[in-house]
Structures are given as C-alpha cells and as structure tokens.
Amino acid sequence: MTRRIALTGGIGSGKSTVAAMFTEINVPVLDLDQVGHRCLDGLVVREQLQAAFGADILDVKGFVQRKKLAAKAFLDTKTTQQLNRILHPVILAKEKIWVAQQSAPYVIIEAPVLLESAGEARMDAVVVVMADLALRRQRVVERGYQDAAAFEQILKRQCDDVLRRIKADYILENSGELRVLTLQVMTLHQQWMRDYG
Ligand code: ADP
C-alpha cells in the first residue's frame, strides 16, 4: 500500500524546494496546485465556473482566464467555497488515480492549502514546512513571481502557523541554510522507507 504524505506550509516556506528534494531521490511527487490548474481546462469544470462566476472569466475560445477567475473567486469565503465545491471533487479524483498508479512505499502530495480544506483526513501523514515570516517574505520577493503586496494577499487566504503546528505530524524547519533542510528531508525519507518500505 502506497502511503500518502502531504507536504504543506505557507507561501514562501519552502514547499517547492522540499518537493524538488524528494523528486531528486526518486520519491513520486504530485503538485496539487498544478493538478488544479489543469482541471480548469475541463469542459464540465469550465461550464460550472461560468455558471458560478460569469462568462467574462472565459476568453474568446472558452478557456478560463486564471487572473479573472481569481479576482472573483477569492473575493470572500463564500466565493472561495463556491470555487472549491467545483474544483475539489475533480482534483481529488485525479489524485486518487495518480496514487493508484504508484508503486513506491510512499508518495508526496504537495498541497499548499490542504489544511484550509481539512484535507489532512485523507492523508497518512502531514509534513509542514516552516520558516520565519520575514524570511518567507524576503525569499518570495527574491524568487520574483510576487511582490510584497501579492505576498500579503496570499498570506491572508492561508491558515496561520499555529494551526499548521497543531495539524503537523512532521515539521521541517526552514529558517536556516538549505543544507539543514536537506538533512531533515533525508532523515524523514529514511524513516518512511523503514516504516513503509
Ligand atoms: P513555497 O513553494 O513554499 O512557496 P519555495 O520552495 O518556492 O516556497 O521557496 C521560496 C523561495 O525561497 C525560493 O526561491 C527558494 O529557492 C528559496 N528558499 C527556500 N528555502 C531556502 C533556504 N533554506 N535558504 C535560502 N533560500 C531558500
């Protein structure tokens, strides 16, 4: 039985960095954000999104314009829940199929907003990456996709580190050097290969 290990944490905590480390040692990794993005191309999803948020979230060819959708869907908790009701079942189905195709002792499911939707229930364990907020802000801005304002916007939509600590089975501390993070990842890998292998 392949175990599902969720990898989560706030923006800029180092999830993608950790995911890349697992990939490097041949542990299968599924990025649920990416799965979610691909789901937006589905015909049924597009129709449901149009019904919920209006035709102007689509371009002339009928494809979802992600920025326009985000502006409408992340307006408040009600609209966010509406988006989740449409996307979650599709994402979960894809995750289930992907896990069934794996033969490794365990897989990593990178899920930035897992805890916000009580997703930990379907996982065998939850790993949370943590780093000081100021460091996360600095690293995100340096990464270059988001400025400080965008960072704050995303931060507002995510749960806080107190809740993450409560829900975590394992914590990766990433306020230090990458070398220290690698060591923690390798230790967990060895433990899971022993436990699940
Ligand atoms: P997340 O996926 O959680 O948003 P990333 O893994 O993309 O976070 O990390 C944010 C940025 O910080 C990236 O540019 C990454 O290369 C960098 N980073 C992550 N961990 C460290 C670290 N320990 N030291 C220095 N830079 C780091």
Side-chain angles (χ1 to χ4, degrees), residues 2-25 27-39 70 73-74 77 80-81 83-84 87-96 98-99 102 104-140 143 145-146 150-176 178 180-189 191-192 195-196:
T2 297
R3 310 299 167 113
R4 302 169 179 217
I5 308 225
L7 171 62
T8 193
I11 175 172
S13 57
K15 294 176 297 295
S16 309
T17 307
V18 170
M21 289 175 182
F22 280 108
T23 300
E24 213 180 312
I25 53 173
V27 175
V29 175
L30 181 68
D31 177 347
L32 278 197
D33 252 5
Q34 237 175 51
V35 173
H37 289 162
R38 280 202 300 268
C39 283
F74 296 135
T77 46
T80 308
Q81 279 169 1
L83 177 71
N84 288 344
L87 290 185
H88 271 176
V90 187
I91 295 172
L92 293 196
K94 300 235 187 267
E95 177 191 288
K96 204 171 168 185
W98 181 84
V99 173
Q102 308 305 316
Y106 77 92
V107 295
I108 296 287
I109 298 175
E110 185 185 350
V113 288
L114 181 88
L115 306 179
E116 288 78 347
S117 57
E120 67 275 15
R122 65 177 200 276
M123 300 292 169
D124 293 291
V126 175
V127 181
V128 174
V129 193
M130 299 246 172
D132 296 341
L133 193 59
L135 258 180
R136 286 165 54 193
R137 186 181 293 111
Q138 182 194 332
R139 286 174 182 169
V140 163
R143 181 173 65 183
Y145 313 134
Q146 285 112 354
F151 175 87
E152 298 303 331
Q153 280 299 319
I154 294 169
L155 199 65
K156 266 201 289 190
R157 294 204 296 268
Q158 300 186 334
C159 70
D160 63 22
D161 276 354
V162 177
L163 184 75
R164 287 196 188 100
R165 270 192 197 277
I166 292 170
K167 293 198 170 183
D169 297 298
Y170 304 93
I171 289 175
L172 294 170
E173 295 289 354
N174 188 28
S175 296
L178 279 174
V180 182
L181 185 64
T182 314
L183 276 176
Q184 297 172 74
V185 167
M186 291 313 294
T187 305
L188 281 183
H189 176 63
Q191 179 181 337
W192 292 330
D195 293 351
Y196 304 143

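Throughout, numbering of the chain's residues begins at 1 and tracks the sequence.
At distances below 3.5 Å, at least one donor-acceptor pair connects side-chain atoms of Asp160 with backbone N or O atoms of Leu163. No donor-acceptor distance shorter than 3.5 angstrom exists from the side chain of Asn174 to the backbone of Ala131, with no hydrogens or angles considered. At distances below 3.5 Å, at least one donor-acceptor pair connects side-chain atoms of Thr2 with backbone N or O atoms of Ala104. The backbone N or O of Ala111 sits less than 3.5 Å from a side-chain atom of Thr8, completing a donor-acceptor pair.
Ring planes of Phe22 and Trp192: parallel class, angle under 30° (limits at 30 and 60°).
Residues Leu178 and Met21 share a closest heavy-atom pair of O-CE, 4.1 Å. Taking both residues in full, the closest heavy atoms of Val128 and Ala168 are given as CG2-CB, 3.5 Å, listed atom of the first, atom of the second, then distance. What you find for Gly176 and Arg139 is that their closest heavy atoms are O-NH2, 3.4 Å. Between Gln158 and Glu116, the closest heavy-atom pair is CA-OE2, 3.3 Å. The minimum heavy-atom distance linking Asn84 with Pro89 is given by the pair O-CD, 3.9 Å. Of all heavy-atom pairs spanning Ala19 and Glu110, the tightest one is CB-OE1, 3.4 Å.
The number of heavy-atom neighbours closer than 6.0 Å to NZ of Lys94, taken from other residues, nucleotides and ligands shown, is 12 or below. No more than 12 heavy atoms of other residues, nucleotides or ligands lie within 6.0 Å of CD in Glu24, so this atom counts as exposed by the packing criterion.
From Leu135, atom CG reaches atom OG of Ser175 across 5.5 Å, with rounding to the nearest 0.5 Å. From Leu87, atom CG reaches atom OG of Ser117 across 11.5 Å, with rounding to the nearest 0.5 Å. We find the CG-NE2 distance between Leu32 and His88 to be 8.5 Å, quoted to the nearest 0.5 Å. Expressed to the nearest 0.5 Å, how far CE of Met130 lies from OG of Ser13 amounts to 8.5 Å. With values rounded to the nearest 0.5 angstrom, Leu188 atom CG is found 7.5 Å from Tyr106 atom OH. Note: Ile109 CD1 to Arg4 CZ = 5.5 Å, rounded to the nearest 0.5 Å.
Partner Val27 forms a side chain to side chain contact (heavy atoms under 4.5 Å, CB included) with one of Val185, Ile108, Ile5 and no other, that one being Ile108.
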Margin query: side chain to side chain contact (heavy atoms under 4.5 Å, CB included), that's the test. Do Arg157 and Ile154 meet it? Break it down for me.
Written below: CA-CA 5 Å; Arg157 294 204 296 268; Ile154 294 169; 4.0 Å; yes
Note to self: Please evaluate residues Arg143 and Ile11 with respect to the criterion side chain to side chain contact (heavy atoms under 4.5 Å, CB included), reporting the C-alpha separation (whole Å), side-chain torsions for both, the decisive distance (0.1 Å), and the verdict.
What the structure shows: CA-CA 11 Å; Arg143 181 173 65 183; Ile11 175 172; 4.1 Å; yes
Next item on the list: Begin with the C-alpha distance, continue with both residues' side-chain angles, and end with the deciding distance and a verdict on side chain to side chain contact (heavy atoms under 4.5 Å, CB included) for Met123 and Leu114.
Entry: CA-CA 10 Å; Met123 300 292 169; Leu114 181 88; 3.8 Å; yes
Item checked: Audit row: Trp98, Val107, side chain to side chain contact (heavy atoms under 4.5 Å, CB included) steps and yes/no -> CA-CA 10 Å; Trp98 181 84; Val107 295; 3.7 Å; yes
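You'll find the side chain of Lys96 stays beyond 4.5 Å of the side chain of Val99, heavy atoms only. Inter-residue side-chain proximity for Asp169 and Glu120 is flagged as unmet; no heavy-atom pair is nearer than 4.5 Å. Contact check for Phe151 versus Leu133: side-chain heavy atoms found under the 4.5 Å cut-off.
With respect to the salt-bridge test (charged N to carboxylate O, under 4.0 angstrom), the residues Asp33 and Lys15 do not qualify. A salt bridge is defined here as a Lys NZ or Arg NE, NH1 or NH2 lying under 4.0 Å from an Asp or Glu carboxylate O, and Arg165 with Glu173 meets this definition.
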